[in-house]
Amino acid sequence: MKRSQFLLALASFSIVGGSFFLRRTFSSTREPKIITDTSRYKEIRNQLWSDNDQVKHFPNEIPTDAKDVRIAYSPEFLQGSSFFQIRLKQQPKKIEKLLSQYRSSAKQKYIGGNTNEHINQPSGVPTTFFYTSDSYTESFPPTYEILVLNTEDKGRPGFKWNHGNSYGVAINTSASEIIYWSEKW
């Protein structure tokens, strides 16, 4: 009897312990990862991010004149969400040109905020959070213009935006900065 109780206790401990380690493994992959090794950019853009249409507006390579480059990437897990952002500074003239280019093709425009605020506006659509921020903020300050290049609602009736994707840019002309972003959920 004692041996069977011991084996039962050991099995219970193994299940609980194993599930803890699995939970830690999977939950840690779901946390946003700020990647500072910019050499991974092409790998993420071309191989790990499977939908090329959602990153076609991203630069093929990090521009040689770019400064303060930050990348945030969270891979998709099962049916969960994923995101990809690259933030960089460039010459003011280049940023002004990009702003003009993307304004003309944007389907939605927002000043500051985040996806939760944007989707709750009249005719709002999901956007992104400020994953590449220098602080722990989720929202873009009002110095950023968020330009939505495309969205796709894959929800079903009664569950609008339950699944889908969106992509675009956020531009801060005063900081001479652009953030390319793409989201899936």
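Side-chain atoms are counted along with the backbone in the values below, which use heavy atoms only and exclude waters and symmetry mates. Residue numbers run from 1 in the order of the sequence given.
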(request) Establish, yes or no, whether a centroid distance under 6.0 Å links the rings of Phe84 and Tyr167. (result) no
(message) Any carboxylate oxygen within less than 4.0 angstrom of a Lys/Arg side-chain nitrogen, looking at Glu61 and Arg45?
(response) no
(request) Look at atom NZ of Lys109 and say whether more than 12 heavy atoms of other residues, nucleotides or ligands are closer to it than 6.0 Å. (result) yes
(request) State which residues pass side chain to side chain contact (heavy atoms under 4.5 Å, CB included) with Ser176; sequence neighbours excluded, sorted by chain then number. (result) Pro92, Ile95
(message) Could you check whether Lys93 pairs with Glu96 (Lys NZ or Arg NE/NH1/NH2 to Asp/Glu carboxylate O, under 4.0 Å)?
(response) no
(request) Would you give the length of the straight line joining atom CD1 of Ile111 to atom CD of Glu145, rounded to the nearest 0.5 angstrom? (result) 4.5 Å
(message) Return the NZ to CG distance between Lys67 and Leu88, rounded to the nearest 0.5 Å.
(response) 11.0 Å
(request) Give a yes or no on this: more than 12 heavy atoms of other residues, nucleotides or ligands lie within 6.0 Å of atom CD of Gln121. (result) yes
(request) Test Glu183 against Asn165 for side chain to side chain donor-acceptor pair (under 3.5 Å), laying out the working first. (result) CA-CA 5 Å; Glu183 293 263 350; Asn165 59 64; over 6 Å; no
(message) Determine whether the aromatic ring centres of residues Tyr131 and Phe83 are separated by less than 6.0 angstrom.
(response) yes
(request) Take the angle between the ring planes of Trp185 and Trp161 and call it parallel below 30°, perpendicular above 60°, tilted in between. (result) tilted
(message) Any carboxylate oxygen within less than 4.0 angstrom of a Lys/Arg side-chain nitrogen, looking at Lys89 and Asp65?
(response) no
